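See structure below.
Below, read A as the first sequence line, B as the second, and so on, with proteins coming before strands; counting in each chain starts at 1. Heavy-atom basis, side chains included; hydrogens, waters and symmetry copies ignored. What you see is a predicted model, and the numbers here were worked out from it, not measured in a lab.
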2 protein chains.
Amino acid sequence: MLVEAAESDLRLEASRIAAKVDAIFAHYLTDTGDGRDRLFQAMRHAGIGGGKHLRPLLTVAAGRLFAIDEDRAVRAGAAIEAIHVYSLIHDDLPCMDDDDMRRGKPTVHKQFDEATAVLAGDCYHDLAFELIADPATHEDPFIRSDLVLELARASGPNGMAGGQMLDLVAEGQALDIGAVTRLQQLKTGALIEFSVEAACIMGRLPPEGRTPYRGYARNIGLAFQIADDLLDHSGDEAAAGKRLHKDADAGKATFVSLMGEERARQQCTLLVTQAIEHLAQHGHEADLLRAIARYVEERDR
Amino acid sequence: MLVEAAESDLRLEASRIAAKVDAIFAHYLTDTGDGRDRLFQAMRHAGIGGGKHLRPLLTVAAGRLFAIDEDRAVRAGAAIEAIHVYSLIHDDLPCMDDDDMRRGKPTVHKQFDEATAVLAGDCYHDLAFELIADPATHEDPFIRSDLVLELARASGPNGMAGGQMLDLVAEGQALDIGAVTRLQQLKTGALIEFSVEAACIMGRLPPEGRTPYRGYARNIGLAFQIADDLLDHSGDEAAAGKRLHKDADAGKATFVSLMGEERARQQCTLLVTQAIEHLAQHGHEADLLRAIARYVEERDR
């Protein structure tokens with residue numbers, strides 16, 4: 001009964017925050033009445049509607065620990081989502097993962113063309129920094145430039161893009177569990193961790209006070225990836241809205257291929273339990289973070 | 001005699017600043033001893049050595065008007081150059097302009113592969129914001145976050161990337177001189193204008209005091225594009241280090257195809273003269289900006 005209530009709360013909160021992020025994107029992506037309309041159309045196709053918006057939800061949820069104004073947390077979260085959307089558009093390109101479906105719709109290069117997809121990704125990349133550096137995101141310019149610096153690091157060669165590169169060169173290689181963990185900590189973990197870190201920065205938490213939240217984010221990030229591998233292994237394509245079984249087809253090492261389905265599921269549960277333990281010092285203000293952790297575990301079912 | 005001295009000064013200054021930008025890139029692009037080394041290698045290939053570094057040179061030159069510390073101006077300029085390099089890597093892709101040579105070397109997707117080229121461009125995009133948001137670029141966080149905001153705008157759909165989109169949809173269309181001017185003001189103008197604007201921001205010049213420098217930058221940007229069209233029309237491929245005569249081959253409207261070679265050359269001279277007139281209130285501290293303006297006019301010869 002309690003769990004059910006928390007679940008419907010999470011669903012409500014998630015769709016409320018997703019609508020706010022969509023509205024921010026829509027505000028920036030209005031047609032200009034010239035040849036760029038095709039670019040704005042492609043950007044709206046990729047980023048508005050559909051999408052779980054896990055990252056902005058994490059920023060809002062972590063923001064509650066430090067009483068951050070929700071609309072400001074949503075703006076920072078939208079910047080992180082913009083980086084995520086740019087990476088999806090580019091990763092789906094024929095020269096990368098060559099995917100035709102994303103979020104239940106044709107990928108941008110399928111619906112439009114490759115050149116438009118490259119540019120739409122590039123423009124989401126700029127939008128991320130335009131959003132996070134805007135005074136509306138935080139009144140203190142020191143906080144804003146700190147957010148920019150950390151977002152650029154989480155996104156670049158020592159974060160998400162570096163993980164994608166490791167993934168590209170790993171094809172056909174026999175990675176062990178340590179190498180897969182390292183790869184995923186960069187490819188998906190860095191941006192998920194920054195989603196929580198952004199709230200810590202906005203809450204003026206000194207780096208030494210961020211340890212439990214970093215622990216939470218790191219556990220969530222890894223659990224999320226294991227759940228993703230489980231979904232890729234045994235999920236339903238129509239429900240997922242994208243092609244599955246890609247890793248097995250490509251002969252890629254995943255947590256599931258290395259640990260087996262049963263142990264991967266146990267590991268995911270353990271990580272979620274640990275994530276929630278990092279929040280032990282908090283009361284109800286951490287409920288949304290706890291609900292997200294439980295959701296991450298259950299999303300493959 | 002005087003002009004000759006100025007020319008050799010410009011060449012000296014340009015190569016000195018280019019070496020500083022190269023050193024900044026090299027510092028950020030060191031190998032990590034894992035699969036990302038291929039990414040760093042591709043980034044060094046694209047951004048270090050070769051390249052005129054016009055944009056950082058403009059930031060340093062404009063910085064002299066406001067006594068900006070040169071190393072800080074170089075850092076801001078390196079951020080702008082990083083955006084420029086990212087755009088060259090992506091624009092050269094097979095799905096965009098499909099170019100094999102750049103700065104006298106094979107393009108990144110030719111030397112490496114397309115996926116690496118997409119990621120190398122994406123990582124230069126991040127590097128730009130990491131550089132410009134760094135406290136070493138300016139001590140005042142308000143200035144830093146302002147630089148981030150304006151760089152994101154100059155780079156995105158209402159700047160460089162928007163211009164590239166206009167260029168893509170223009171293929172096969174009969175553009176008039178107004179449409180070509182508008183396209184180029186976005187595609188190459190926006191970033192050249194920001195190269196000067198960045199120095200104004202760092203010099204704490206209020207927007208209403210920036211008019212002459214914006215005028216200079218706008219004139220230079222347009223003159224640069226006309227000179228580029230002249231070079232594409234009648235230049236030497238080996239000297240240029242890239243494929244030429246592309247526009248005529250693609251049936252694209254350019255300043256030269258619309259005005260004819262002679263009028264285009266006159267227009268370029270006029271723009272450079274106007275650019276220099278915008279600096280009339282300044283003495284020797286504007287000499288480098290004046291020398292750059294004259295160089296822009298002469299680069300097609």
Side-chain angles (χ1 to χ4, degrees), chain A residues 28-29 32 34-36 38-40 43 86-87 90 93-96 109 113-119 121-123 125-135 140-149 151-153 155-159 161-162 164-170 173 182-183 186, chain B residues 28-29 32 34-36 38-40 43 86-87 90 93-96 109 113-119 121-123 125-135 140-149 151-153 155-159 161-162 164-170 173 182-183 186:
Chain A
Y28 280 85
L29 305 176
T32 43
D34 56 26
R36 290 174 290 161
R38 186 175 170 81
L39 176 61
F40 291 118
M43 291 179 78
Y86 120 64
S87 80
H90 283 186
L93 285 169
C95 68
M96 303 272 262
H109 66 274
D113 55 79
E114 276 188 58
T116 303
V118 171
L119 284 174
D122 291 341
C123 287
H125 205 158
D126 286 309
L127 178 57
F129 291 104
E130 190 174 346
L131 280 170
I132 213 158
D134 193 292
D140 182 343
F142 185 85
I143 301 273
R144 295 201 300 272
S145 62
D146 203 13
L147 288 169
V148 169
L149 209 52
L151 179 60
R153 285 174 184 154
S155 165
N158 297 310
Q164 176 68 3
M165 189 70 207
L166 287 179
D167 206 14
L168 283 172
V169 300
Q173 283 185 20
R182 172 85 185 128
L183 186 163
L186 291 177
Chain B
Y28 280 85
L29 305 176
T32 43
D34 57 26
R36 289 174 291 161
R38 185 175 170 82
L39 176 60
F40 291 118
M43 291 179 77
Y86 121 64
S87 78
H90 283 187
L93 285 168
C95 68
M96 303 272 262
H109 67 274
D113 55 78
E114 277 187 58
T116 303
V118 171
L119 284 174
D122 290 340
C123 287
H125 206 157
D126 286 309
L127 178 57
F129 291 104
E130 189 173 347
L131 280 169
I132 212 157
D134 194 291
D140 182 342
F142 186 84
I143 300 273
R144 295 201 300 272
S145 61
D146 202 13
L147 288 170
V148 170
L149 209 51
L151 179 60
R153 286 173 183 156
S155 166
N158 297 309
Q164 176 67 4
M165 189 68 207
L166 287 179
D167 206 14
L168 284 172
V169 299
Q173 283 185 17
R182 172 83 186 130
L183 187 164
L186 292 176

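In this structure, chain B has heavy atoms under 4.5 Å from both the backbone and the side chain of A:L39. With a threshold of 4.5 angstrom between heavy atoms, A:P94 does not approach chain B through any atom at all. For B:L186, the part sitting under 4.5 Å from any heavy atom of chain A is the side chain, from C-beta outward, and nothing else. Within the 4.5 angstrom heavy-atom criterion, no atom of A:L147 approaches chain B. Using a 4.5 Å cut-off between heavy atoms, A:F40 touches chain B through its side chain atoms alone. Interface residue B:L149: backbone and side-chain heavy atoms are both found under 4.5 Å from chain A. Proximity to chain A (any heavy atom under 4.5 Å) is shown, for B:D146, by neither the backbone nor the side chain. Neither the backbone nor the side chain of A:D140 comes within contact range of chain B; no heavy atoms are under 4.5 Å apart. Residue contact with chain B, scored on non-hydrogen atoms closer than 4.5 Å, is absent for A:L183.
Among the candidates A:I143, A:V169, A:L166, the residue making the largest number of heavy-atom pairs closer than 4.5 Å to chain B is A:L166. If you tally non-hydrogen atom pairs under 4.5 Å between each of A:G159, A:C123, A:A170, A:A161 and chain B, the highest count goes to A:C123. Contact count versus chain A (heavy atoms, under 4.5 Å) is highest, among B:N158, B:T32, B:D167, B:L29, for B:N158. The residue among A:A117, A:P157, A:A133 with the most heavy atom pairs within less than 4.5 Å of chain B is A:P157. Taking chain A as the reference chain and counting heavy-atom pairs below 4.5 Å, the highest number among B:A128, B:G121, B:G162 is found for B:G162. The greatest number of non-hydrogen atom pairs below 4.5 Å with chain B, out of A:F129, A:Y28, A:F142, A:Y86, is found for A:F129.
Counted within 6.0 Å of CZ on A:R182, heavy atoms from surrounding residues, nucleotides or ligands total 12 or fewer; the atom is thus considered open.
Between the side chain of B:R36 and the backbone N or O of A:M165 there is no donor-acceptor pair closer than 3.5 Å.
A:H90 and B:H90 have perpendicular rings, their planes meeting at more than 60° on a 0 to 90° scale where under 30° would count as parallel.
One finds the CG atom of B:L127 at 11.0 Å from the CZ atom of A:R153 (value rounded to the nearest 0.5 Å). With rounding to the nearest 0.5 angstrom, the OG atom of A:S145 is 11.5 Å from the CD1 atom of B:I132.
Here the side chains of B:D113 and A:L168 are not in contact, with every heavy-atom distance at 4.5 Å or above.
Here the shortest heavy-atom pairing between B:D126 and A:S155 reads OD1-OG, 2.8 Å. The two residues B:C95 and A:A115 make their nearest non-hydrogen contact at O-CB, 3.3 Å.
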